[in-house]
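To keep things clear, I will list the structure first and then write my remarks on it.
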Amino acid sequence: MSTAVWMALGQFGILVIALALTHHPLGAYMAHVYSTPKHLRVERGLYRLVKVDADADQKWSTYLLSLLGFSAASLLLLYALGRLQGHLPWNLGFSGMNPATAWNTAASFVANTNWQSYSGEQAATHLFQMAGLTVQNFVSAAVGMAVAVALVRGFARSHNGGRVGNFWADLVRGSLRILLPLAVVAAVAFMAAGVIQNLHAHEAITTLTGGTQSALGGPVASQEAIKLLGTNGGGFFNANSAHPLENPNAFTNVFQVFLILVIPFAMPRTLGLMVGDRRQGWAILGVMGGIWVAMTALMTWAEMAGNGLVPKLAGAAMEGKEVRFGLAGTALFATATTGTSTGAVNAAHDSLTAAGGGLTMFNMMLGEIAPGGVGSGLYGMLVVAILTVFIAGLMVGRTPEYMGKKIGKQEMTLVALYLLTMPAIVLIMSGISVVIPAGLAGMSQSGPHGLSEVLYGFTSGANNNGSAFAGLGAASTYYNTMIGLAMLLGRFVPIAFVLALAGRLASQKATPPSAGTLPTHTPLFVGLTGGIAVVVVGLTFIPVLSLGPIVESLS
């Protein structure tokens, strides 16, 4: 094998070992955090400050209203901060964002998408980055984790009137007990590896050729840590994780991928412990891990094969990619960031091979369940598992059951609505954008690649990913508005269905397994669930993919 292949295998092996070592302790710790009745002193102070009863066990509808109210307030505050940033300290001479950009940015970070239609070093002040974007990186990630835990409680509880926990307690615990300490450790590690952390304004530096270049400092390491841990993805700089001040070397590149994956891959352990059956957690982990390994292998092959006339003549598909990471590091990062709701990039995804670009889109179209975002990956995979149990039940003529709960008409209605929401947003908005002048004006190319740009943009927005094909002119008023709407709908409509499902499950009595119950912890179930996830996405999106990346890769 070539040196490049050995390097790819080495990076992948190190990553898998690190994830395996953290899976058990982190998953167990998160289960404890969300299960213990005790509140920390600082948490009690926060509850008194905002006047909420953190011990109140909320019905799913109250839980949802609390979540939506908090997110709406966050949206308004972040919008106002973006508009007024020019009048606040550490403004670096920048003016406030225009209304469309401020709207898009506020929607993006509240929805855990972190799509950025602006250049960070030219448009966002240090205060806006710290008090606005970084704070949302914590709380929007904690919201996703809270929803996942509420669904897990739906399986774990029995006949309790649809009560799924307390949103405010889950939000605070996820932020303070899980994300904050991990982010502090990660930020220190980044600083030790060369990522900057300061409050400097633009400074003139002398280049190797004797010229000068303006470089912006800032609190980068702290934002970098939580953008990855919370599967958020927004970069301090426009180049995101391709920027040497955000991602200096091969070590930080692998470390960033580890941070993206560590919480999503640990959450199945949390599921197993909270429902009292660790085998269920192993099964969900098996589906997530199997799809992720397959997609990583395919992405690495697509980039290293370099299919196409230009890559063949150049000897590699390195255009738009960083030499210090290479094709293997680029493929590993691209798979991790689109398999989760992260969206951080260490290369221009518009520069991926046609097959590689299609794989990143397919990764997102899976609903980002391999392993998915913090929280959103787990509840998305559980929805797919419920669908699998239902289909299997139809095959054997029995009422389907999953983790002791019967899956009936109302549960399947919610599952179907969840699964249809994202495709409807992506296909409708993409279709509108490729036929109206405002949408066509933002496309840098026509033909299959132009469609890929638009399709990627709305797939990224509706799945709360945040990465983009760089060729799309997303800074226009039209795309700022439409993608902002896609991000909010793609985030909160599915959450409503998940919490309603959690309430339905929590209201049921637990059903003991019988001789006819489908085992949901076996390799057969793991394979069936993974197959159904891929088939559902294929049936939904292959027609439009065949008009974009598929035909482009064959041309």
Side-chain angles (χ1 to χ4, degrees), residues 70-140 187 195-205 212-227 230 232-243 245-246 343-344 438 442 457 461 466 468 470 472-488:
F70 173 78
S71 299
S74 298
L75 181 72
L76 293 174
L77 287 172
L78 193 56
Y79 175 83
L81 192 58
R83 296 282 287 138
L84 298 172
Q85 66 171 357
H87 303 286
L88 300 172
W90 294 314
N91 58 37
L92 307 174
F94 297 157
S95 59
M97 291 181 170
N98 66 59
T101 303
W103 147 258
N104 183 275
T105 303
S108 176
F109 279 78
V110 169
N112 195 241
T113 311
N114 295 36
W115 172 282
Q116 293 170 294
S117 63
Y118 59 88
S119 172
E121 56 264 60
Q122 296 177 345
T125 69
H126 285 346
L127 184 64
F128 184 62
Q129 295 267 22
M130 292 186 295
L133 305 186
T134 302
V135 169
Q136 282 305 311
N137 283 347
F138 279 97
V139 296
S140 66
V195 180
I196 64 172
Q197 180 76 8
N198 54 54
L199 291 174
H200 296 170
H202 285 88
E203 295 182 356
I205 59 173
T212 59
Q213 181 176 338
S214 177
L216 178 66
V220 179
S222 56
Q223 181 165 317
E224 197 72 10
I226 188 55
K227 94 171 189 185
N232 300 285
F236 190 93
F237 298 104
N238 189 47
N240 209 286
S241 288
H243 198 291
L245 299 185
E246 282 196 37
L472 183 66
S476 67
T477 300
Y478 171 78
Y479 279 110
N480 267 330
T481 304
M482 288 291 282
I483 294 178
L485 184 60
M487 291 185 288
L488 291 178

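Each residue takes its place number in the sequence, starting with 1.
With a 4.5 Å cut-off on side-chain heavy atoms, P219 and H126 count as touching. Residues N114 and N137 are in side-chain contact: their nearest non-hydrogen atoms beyond the backbone lie under 4.5 Å apart. Within the 4.5 Å cutoff, the side chain of L92 has heavy atoms near those of the L216 side chain. Proximity of I483 to N104: side-chain heavy atoms (C-beta onward) are separated by under 4.5 Å at one or more points. In this structure, W90 and T125 have side chains that are not in contact, with every pair of non-hydrogen atoms separated by 4.5 Å or more. Side-chain contact between M487 and F109 is absent, with no heavy-atom pair separated by less than 4.5 Å. At a threshold of 4.5 Å between non-hydrogen side-chain atoms, the residues V220 and L245 do not count as touching.
Using modelled atom types, one side-chain atom of N198 and one backbone atom of G218 make a donor-acceptor pair closer than 3.5 Å.
Applying the side-chain hydrogen bond (donor to acceptor under 3.5 Å, both in side chains) criterion to Q223, with sequence neighbours excluded, gives Q129, T134. Residues satisfying the ring pair (Phe, Tyr, Trp, His ring centres under 6.0 Å) test with F237, not counting sequence neighbours, are H243. By the side-chain hydrogen bond (donor to acceptor under 3.5 Å, both in side chains) test, N232 is found to be paired with N112, S140, residues two or more places apart in sequence or in another chain being considered. In this structure M97 satisfies the side-chain contact (heavy atoms from CB on, under 4.5 Å) test together with Q85, T101, A102, T105, Y118, F128, sequence neighbours excluded. For A100, the side-chain contact (heavy atoms from CB on, under 4.5 Å) partners are N98, T477, N480, not counting sequence neighbours. The side-chain hydrogen bond (donor to acceptor under 3.5 Å, both in side chains) search around S476 returns none, not counting sequence neighbours. Take V139 and apply the side-chain contact (heavy atoms from CB on, under 4.5 Å) test, not counting sequence neighbours, and it matches F70, Q136, L171, S175. Remark: Q197 engages S222 in a side-chain hydrogen bond (donor to acceptor under 3.5 Å, both in side chains) (not counting sequence neighbours). Residues satisfying the side-chain contact (heavy atoms from CB on, under 4.5 Å) criterion with A468, sequence neighbours excluded, are W115.
Put simply, OG on S108 and CG on L133 are 9.0 Å apart, with the number rounded to the nearest 0.5 Å. Going from atom NE2 of H202 over to atom CD of Q213 covers 10.5 Å, rounded to the nearest 0.5 Å. With values rounded to the nearest 0.5 angstrom, S214 atom OG is found 9.5 Å from E121 atom CD.
Annotation for S117 and A475: closest pair O-CB, 3.4 Å, computed over non-hydrogen atoms. Of all heavy-atom pairs spanning L75 and A106, the tightest one is CD1-C, 3.5 Å. The minimum heavy-atom distance between S119 and N238, with the atom names listed, is OG-CB, 3.4 Å. The two residues G235 and E246 come nearest to each other via the heavy atoms C-OE2, 3.5 Å. The two residues I205 and A215 have their closest heavy-atom pair at CD1-CB, 4.1 Å. Across N240 and G233, no two heavy atoms sit closer than the pair ND2-O, 3.2 Å.
For residues 77-106, the set of pairs meeting the salt bridge (Lys or Arg N to Asp or Glu O under 4.0 Å) definition, not counting sequence neighbours, is empty.
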